[in-house]
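Take a look at the structure below.
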Protein chains: 2
Amino acid sequence: MINGRFALAIHILSLLSMEEGVSSEYIASNININPVLVRKELSRLSKANLIITKEGKNGGSYLACSPKKITLADVYKATYEKPLFNHSKNTPNPQCPMGSKIGLIMEDVNKMAEAALLKKLKSISIEQFNK
Amino acid sequence: MINGRFALAIHILSLLSMEEGVSSEYIASNININPVLVRKELSRLSKANLIITKEGKNGGSYLACSPKKITLADVYKATYEKPLFNHSKNTPNPQCPMGSKIGLIMEDVNKMAEAALLKKLKSISIEQFNK
DNA sequence: ATGACTGTAATTAAAATTATTACAGTACAA
DNA sequence: TTGTACTGTAATAATTTTAATTACAGTCAT
């Protein structure tokens with residue numbers, strides 16, 4: 001349901017936990033996806049300090065720390081910024097008894113849902129995927 | 001991120017907890033969305049035994065039970081069937097050390113994430129939204 | 001300076017979501 | 001028993017999101 005960027009980021013990080021210093025082309029060919037998408041994801045992961053990338057010749061990416069320390073909560077946060085559950089952008093009829101409330105309700109629901117999700121994701125580290 | 005159906009279902013059910021026996025046209029105009037989408041969602045909710053709908057003249061929808069008993073976990077399950085986190089349908093290179101594993105990994109991650117999410121959603125009932 | 005990379009913008013293609021049109025089927029009620 | 005007000009659903013189109021591609025400037029080791 002949610003787009004494939006979370007899976008992509010997990011794939012990238014797990015791969016880096018096995019082979020470091022590899023290029024985006026190499027990663028992309030392994031995942032069978034377009035290299036530009038990989039670079040964009042690498043850029044997000046880098047901004048979140050989960051990886052370090054070296055530009056130029058012999059460049060490539062490295063985990064910024066031990067895979068044990070990188071949790072799926074970190075990955076999730078680095079990957080997404082929008083709330084989990086979308087809701088229609090059509091403004092509902094304010095005369096409708098729910099119309100004026102649904103926005104705030106969904107905000108609350110999103111907060112609670114994301115908190116629960118992140119709590120669980122925090123208990124899963126990248127390390128366990130390279131076995 | 002996830003499509004708007006969850007929010008739609010919540011909106012519908014909350015509305016029904018305030019005004020019963022209303023038509024899909026009425027609901028749609030309140031939500032400011034197309035009536036056919038409402039009917040489709042009503043149909044899903046009905047199949048999940050969360051509501052009862054009456055066809056024909058003077059038809060309309062009713063909650064199947066007290067709003068106190070309808071939790072967001074019920075709504076989530078009625079609304080979605082696909083796993084939470086998608087992953088690319090391109091089969092990754094099986095020579096890639098992660099290629100053969102990412103599918104199973106994402107299955108596991110999805111299982112754990114959904115369980116945590118549903119646990120939280122189970123604690124939230126529709127009732128609290130009609131205040 | 002050259003070759004092997006990253007970073008990113010711009011564009012296109014494909015897929016998913018939402019909207020619309022249309023109409024058959026159901027049920028009430030005059 | 002016919003009209004009216006609904007639901008159910010198929011088919012199609014419009015819109016939005018996601019993924020892919022092309023292109024090229026910038027970086028850096030050699």
Are any of the side-chain heavy atoms of B:Glu114 and B:Pro83 separated by less than 4.5 Å?
yes
Treat primed atoms plus P, OP1 and OP2 as sugar-phosphate and everything else as base, then score nucleotides 16-24 of chain C 5' to 3': B for base contact with protein heavy atoms under 4.0 Å, S for sugar-phosphate contact only, - for none.
-SSBBBB--
For A:Glu20 and A:Leu63, indicate whether the former's side chain and the latter's backbone hold a donor-acceptor pair under 3.5 Å.
yes
So which atom in B:Asn32 and which in A:Asn90 form the shortest heavy-atom distance, rounded to 0.1 Å?
O-ND2, 2.8 Å
Main-chain N/O of A:Ile70 paired with A:Asp74 side-chain donor or acceptor, under 3.5 Å:
no
Got a list of protein N/O to nucleotides 26-30 of chain C N/O distances below 3.5 Å?
from: C:dT26; atom 1: O4'; to: B:Glu55; atom 2: OE1; distance (Å): 3.1
from: C:dT26; atom 1: O2; to: B:Gly56; atom 2: N; distance (Å): 3.3
from: C:dA27; atom 1: N3; to: B:Lys57; atom 2: N; distance (Å): 3.4

With distance as the sole criterion, is a donor-acceptor pair present between the side chains of B:Asn130 and B:Ser14 under 3.5 Å?
no
Using whole Å, what does the distance between atom C1' of nucleotide D:dT18 and atom CD of A:Glu41 come to?
13 Å
Got a sec? Which of residues 14-26 of chain A come in under 4.0 Å of DNA chain C, heavy atoms?
A:Ser23, A:Ser24
Closest-nucleotide mapping onto DNA chain C: is A:Gly59 or A:Lys47 further toward the 5' terminus? I mean the 5' end.
A:Gly59
Can you check the A:Leu8 CG to D:dT17 C1' distance for me, whole Å?
16 Å
Mind checking whether B:Phe6 and A:Asn110 have side chains closer than 4.5 Å, heavy atoms only?
no
Look only at the side chain of B:Glu19 and the backbone of B:Leu16, and say whether a donor-acceptor pair between them is shorter than 3.5 Å.
no
